[in-house]
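Report on the following structure.
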Number of protein chains: 2
Amino acid sequence: MNERQTSSGSREVTSSQAEQTRTALIRAALNLFGQKGFDGTSTRDIAAAANANIGSIAYHFGGKEGLRLACAGFIVETIQRIAGPAMAAAAVPGEGERGEAAAMAQIDAILQRMVGFIVAEPQAGEIVQFVLRELSHPTAALDAIYAGVFEPVHRRLCAIWAAATGEEAEAEETRLRVFAIIGQVVYFRIGREAVLRRMGWSSIGLTEAARITGVITENVHAIRGAVKGRSS
Amino acid sequence: MNERQTSSGSREVTSSQAEQTRTALIRAALNLFGQKGFDGTSTRDIAAAANANIGSIAYHFGGKEGLRLACAGFIVETIQRIAGPAMAAAAVPGEGERGEAAAMAQIDAILQRMVGFIVAEPQAGEIVQFVLRELSHPTAALDAIYAGVFEPVHRRLCAIWAAATGEEAEAEETRLRVFAIIGQVVYFRIGREAVLRRMGWSSIGLTEAARITGVITENVHAIRGAVKGRSS
DNA sequence: TGACATTAATCAATCGTTTGATTAAAAAGG
DNA sequence: CCTTTTTAATCAAACGATTGATTAATGTCA
């Protein structure tokens, strides 16, 4: 009942009217859920923001809960699309110090991307907010996001960190270390309001993001140095 | 209408019946707000959990919004009470390397306390959750929490960090650095669900908190070393 | 007694969902 | 090729339930 027909051959592949309605609802819901929370958002607001009818939500997604799950799917697709390239294997340039330096350079690039996206990007704010709410109140939507984003990204970062330090990628310590590094980035979004007030900033744009990236990059390099120098 | 009487002299100082109702409502609200969010919590649930009548909320706090503000006040009092001693001036034992080592030792102690409280303490979870929700959706309650907790704690940490590194306490870089350090701790609460799944943990107790503290402490020491060694 | 506190009942408003009618387009039949 | 039938999609309207707030009556102490 919910699935669009994919029947005979000669049919317009590009967004049917129904597809437009679906994506409009998802976009609106993602925005409102992130901004006012799931419970704080009414289906009427979503429908109005999407220029769709209230009944469309039940028709296309089975209800408000189904729409939330669809938002999670949209997020997974989006993140995989924009974060995939930066996380790619980078054709491991070799073992030894050459490889370590290359891995560290990749970490720098990823950090810059992460800060730019998570902290500064305005259009990504709704996604981050949505995920943060899911993290503090897990539903089935989090399962999809964890499996599609958190798990693969964290695992990849652990591998790169291992390549940069010589540690074991899946060691408990490495996994915790990577979480701590991610935390440095993410907190500037979670604690955004506190950061703005304490720093006297009115917003976090490119300039402020660059300052944040500088400090965090310096931190990560220091940590890497300590971990590496520990073996001696 | 909202204020409790503080009338004649010979009155039992210990919790009057009204005072009990007030604190019961605040405790219940704090718990439920943190668990299900402000919009997700009904005044009926709060009253039921506090064994009080629905009307009591309007009577004592003027409404649901007033109760949220009262929760913020309760949080400020609580944090100041349990975090105050650890943050205290520690009677600065002197300048030079002696002072730096002492400051670093105090940072270690504070880190351990912070992780233990923010990440592991179950009864503090509701407070953290409440604050996190306020951070992502600021109301007047956040103003109280920022002024009573965030600002003084962050400022104090900056001062201690300055004493441990020789940097300037209120420099932009120092403030950002302290935020990054706090972020390492806080993320293990925000991303709790993701951490649990990735680490294969079923909960974060004393054992897990100790592992986290170990990694973060190592990180902070590495960062301090890099910042100090930079001047050469 | 009189001010404070609690209670049950009720209010209008809003919630998510469901309904039946309507439209447009594709499928089927000859 | 034209007609008939079926299906997908949207819409306005209304549903029952729940929301925060208010009220008037009652209870409770000093």
Side-chain angles (χ1 to χ4, degrees), chain A residues 1-26 28-29 32-33 35-71 139-141, chain B residues 1-26 28-29 32-33 35-71 139-141:
Chain A
M1 189 212 291
N2 272 346
E3 286 309 314
R4 150 183 72 285
Q5 83 281 10
T6 318
S7 53
S8 61
S10 62
R11 183 76 54 80
E12 42 173 354
V13 185
T14 58
S15 58
S16 64
Q17 185 59 41
E19 190 67 35
Q20 275 184 254
T21 301
R22 255 187 299 271
T23 61
L25 282 172
I26 291 177
L32 289 171
F33 287 163
Q35 195 171 26
K36 317 203 295 176
F38 183 78
D39 292 313
T41 302
S42 70
T43 53
R44 286 169 176 81
D45 285 344
I46 299 172
N51 267 82
N53 188 269
I54 315 173
S56 308
I57 296 175
Y59 179 79
H60 287 291
F61 304 102
K64 194 184 182 183
E65 199 68 41
L67 183 51
R68 161 151 66 180
L69 209 56
C71 286
T139 70
Chain B
M1 191 210 293
N2 273 345
E3 287 308 315
R4 145 185 77 284
Q5 84 284 6
T6 318
S7 51
S8 60
S10 62
R11 183 75 55 85
E12 43 173 354
V13 185
T14 58
S15 58
S16 64
Q17 184 59 41
E19 187 67 30
Q20 274 184 254
T21 301
R22 254 186 300 269
T23 62
L25 282 172
I26 291 176
L32 289 171
F33 286 163
Q35 193 171 27
K36 319 202 296 177
F38 184 78
D39 293 313
T41 302
S42 69
T43 52
R44 284 170 177 80
D45 285 344
I46 299 172
N51 267 81
N53 188 271
I54 317 173
S56 308
I57 296 175
Y59 179 80
H60 287 291
F61 304 101
K64 193 184 183 183
E65 200 67 42
L67 183 52
R68 162 152 63 181
L69 209 56
C71 287
T139 70

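Residue numbering restarts at 1 for every chain, and letters A, B, ... go by the order of the sequence lines.
Taking only side-chain nitrogens and oxygens, A:Thr21 comes nearer than 4.0 Å to OP1 or OP2 of D:dT10. A:His60 has a side-chain polar atom (N or O) that falls below the 4.0 Å cut-off from OP1 or OP2 of D:dT10. Residue A:Ser56 places no side-chain N or O under 4.0 Å from the OP1 or OP2 atom of D:dA9.
Between A:Leu32 and A:Thr41, the shortest heavy-atom distance links the atoms O-OG1, 3.1 Å. Nearest heavy atoms, B:Lys36 versus A:Asp39: O-OD2, 4.1 Å. In plain terms, the two heavy atoms of B:Ile26 and B:Ala70 that are nearest each other are CD1-CB, 3.9 Å.
The rotation axes computed at either terminus of the helix from C:dT1-D:dA30 to C:dG30-D:dC1 lie 20° apart, taking five pairs at each end and rounding to 10 degrees.
As rounded to whole Å, 17 Å separates atom C1' of C:dA8 from atom OH of B:Tyr59. In this structure, the CG atom of B:Leu67 is 11 Å from the P atom of D:dG20, given to the nearest Å. Rounding to whole angstrom units, CD of residue A:Glu65 and C1' of C:dT18 are separated by 18 Å. Atom CZ in A:Phe61 sits about 11 Å away from atom P in D:dA9, given to the nearest Å. Whole-Å rounding puts the A:Asn51 CG to D:dT10 C1' distance at 13 Å. One interatomic measurement links the two molecules: CG of B:Leu25 to C1' of D:dG20, which rounds to 14 Å at whole-angstrom precision. As a whole-Å value, the separation of B:Gln20 CD from C:dT6 C1' is 14 Å.
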Side-chain donor-acceptor pairs under 3.5 Å in residues 45-53 of chain A, sequence neighbours left out?
| residue | atom | partner | partner atom | Å |
| --- | --- | --- | --- | --- |
| A:Asp45 | OD2 | A:Ser42 | OG | 3.2 |
| A:Asn53 | OD1 | A:Gly55 | N | 2.8 |

Just by protein heavy atoms under 4.0 Å, how would nucleotides 12-19 of chain D read 5' to 3' in B, S and -? B-B----B
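At a threshold of 4.5 Å between non-hydrogen side-chain atoms, the residues B:Phe61 and B:Arg68 do not count as touching.
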